[in-house]
2 protein chains.
Amino acid sequence: MVVHQRPTDVPEHRDQDLITLLRARGQRVTSQRLVILRELRRRGRHATAEEIYHAVRRDLPGTSTPTVYATLDLLVDLGLARKIDAGLGASLYDPRTEPHQHMVCRRCGRIEDVDGELDARALLRTASGQGFTADRVELVLHGVCATCLTT
Amino acid sequence: MVVHQRPTDVPEHRDQDLITLLRARGQRVTSQRLVILRELRRRGRHATAEEIYHAVRRDLPGTSTPTVYATLDLLVDLGLARKIDAGLGASLYDPRTEPHQHMVCRRCGRIEDVDGELDARALLRTASGQGFTADRVELVLHGVCATCLTT
DNA sequence: ATTGGTGCAAATCCTTTGCAATAGC
DNA sequence: GCTATTGCAAAGGATTTGCACCAAT
């Protein structure tokens, strides 16, 4: 059986956005950056820096933790990933940048996506539809305060 | 000038809820627990464990960090405080248990309350009324997932 | 008198830093 | 060749652990 690959199924074709963004900033396109982004996208969901680190070291053995952290933060900065603080020890890096939020199971620690806009009422309804019983909502706004805006 | 104190202005009178809750669980009423709760309430807003630690050590010199952490988590467990992960290094412990959320200034790190229910749209409006320009909303639901519920 | 709580020191976990070596441009 | 990136080792900050002692019940 022949599997027809669409262009985006070929990893190299998916890197264009990263390459373009880096070039636009005068930053370098390195194999670490490409491999880390590919790994994050291959997984398709939030992952810890450590998970990415171990996976990437199979493709690119010498890779270090500082590089993984720096690169993941760079991807966030470029808008290719989101950083999520789910209140567990480690931060999560998510290749899905569309509006969606997260629910954390207190018992098993599993973290699942909840799609939908930021209406918390609707979000709770969706979560419940996925069988998740939420009893706590943590909402944090990030931005710039009045004082800093005028300084 | 004579200042008339209402009963709740006398620290000892505010401890009743903690004492009652501890007794109901068969847990001990210790001076550390009382002093830590009083300090959190005296401040009236979210504080880090470290801030509480330093303040408490003035009243009760020998107090240790493990005790402060354990006690703050106990207060959360008893429903007398909330634990907030604002995505900065340290967790915050908040004596305000009513529904309210937080906004974090990316520049100065200041964390302010945003009162109101969990309708994110209304919350963003309130934040904007307080001069805060929010460009990122982080919402995490905590609870129990479908799998764990049936196990 | 019991044993839950505490203090101390040390460990752990996640993340960042300093600096020399390397690899993109 | 220039200098941004990298790897290594080590530091850093927040929180937790192990264990002997103390103090609330």
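Quick note on labels: first sequence line is chain A, next is B, and so on, each numbered from 1.
Nearest-nucleotide assignment on DNA chain D puts the 5′-proximal partner with A/Arg57, out of B/Pro66 and A/Arg57. Comparing B/Arg28 and B/Thr48 along DNA chain D, the residue whose closest nucleotide (by nearest heavy atom) sits nearer the 5' end is B/Thr48. Each of B/Thr65 and B/Thr30 was matched to the nucleotide of DNA chain C holding its nearest heavy atom; the match closer to the 5' end belongs to B/Thr30.
The pair A/Arg25-A/Asp77 meets the salt-bridge criterion, with a side-chain N (NZ, NE, NH1 or NH2) lying under 4.0 Å from an Asp/Glu carboxylate O. Salt-bridge check for A/Arg106 with A/Asp135: passed, with a basic side-chain N closer than 4.0 Å to an acidic carboxylate O. In this structure, B/Asp15 does not pair ionically with B/Arg41, as no charged nitrogen and carboxylate oxygen lie closer than 4.0 Å.
The distance between atom CG of A/Asp77 and atom P of D/dT5, rounded to the nearest whole Å, is 12 Å. Distance CD1 (B/Ile19) to P (D/dA24): 13 Å, rounded to an integer number of Å. Atom pair A/Tyr53:OH and C/dT15:P shows a separation of 14 Å (rounding to whole Å applied). In this structure, A/Arg23 atom CZ and C/dG24 atom C1' are separated by 10 Å, rounded to whole Å. Rounded to whole Å, the distance from OH on A/Tyr93 to C1' on C/dT15 is 8 Å. We find that CG of B/Leu18 is positioned 14 Å from P of D/dA24, with the value rounded to whole Å. Rounded to an integer number of Å, the gap from B/Arg25 CZ to C/dG4 P is 14 Å. The CD-P distance, from B/Glu51 to D/dA14, rounds to 11 Å in whole Å.
When the side-chain nitrogen and oxygen atoms of A/Gln32 are compared with OP1 and OP2 of D/dG7, one or more of them lie within a distance under 4.0 Å. Put simply, A/Tyr69 has no side-chain N or O that comes within less than 4.0 Å of OP1 or OP2 on C/dT16. Phosphate proximity of D/dT15 to B/Ser91: present, with a side-chain N or O under 4.0 Å from OP1 or OP2.
Among the heavy atoms of the strands, none lies under 4.0 Å from A/Ser31. Within 4.0 Å of A/Glu50, counting heavy atoms only, lies no atom of the nucleic acid at all.
Connection of B/Val140 to A/Val137 is not established within any shared hydrophobic cluster, with ILVMFWY side chains joined at heavy-atom distances below 4.5 Å, either directly or through further cluster members.
The structure places NE2 of A/His46 at 5.5 Å from CG of A/Asp113, a figure rounded to the nearest 0.5 Å.
Looking at the side chain of B/Thr67, the nearest of the listed nucleotides C/dT6, D/dT6, D/dT15 is C/dT6. Relative to the side chain of B/Gln27, the nucleotides D/dT25, C/dG5, D/dT15 differ in distance, and C/dG5 lies closest.
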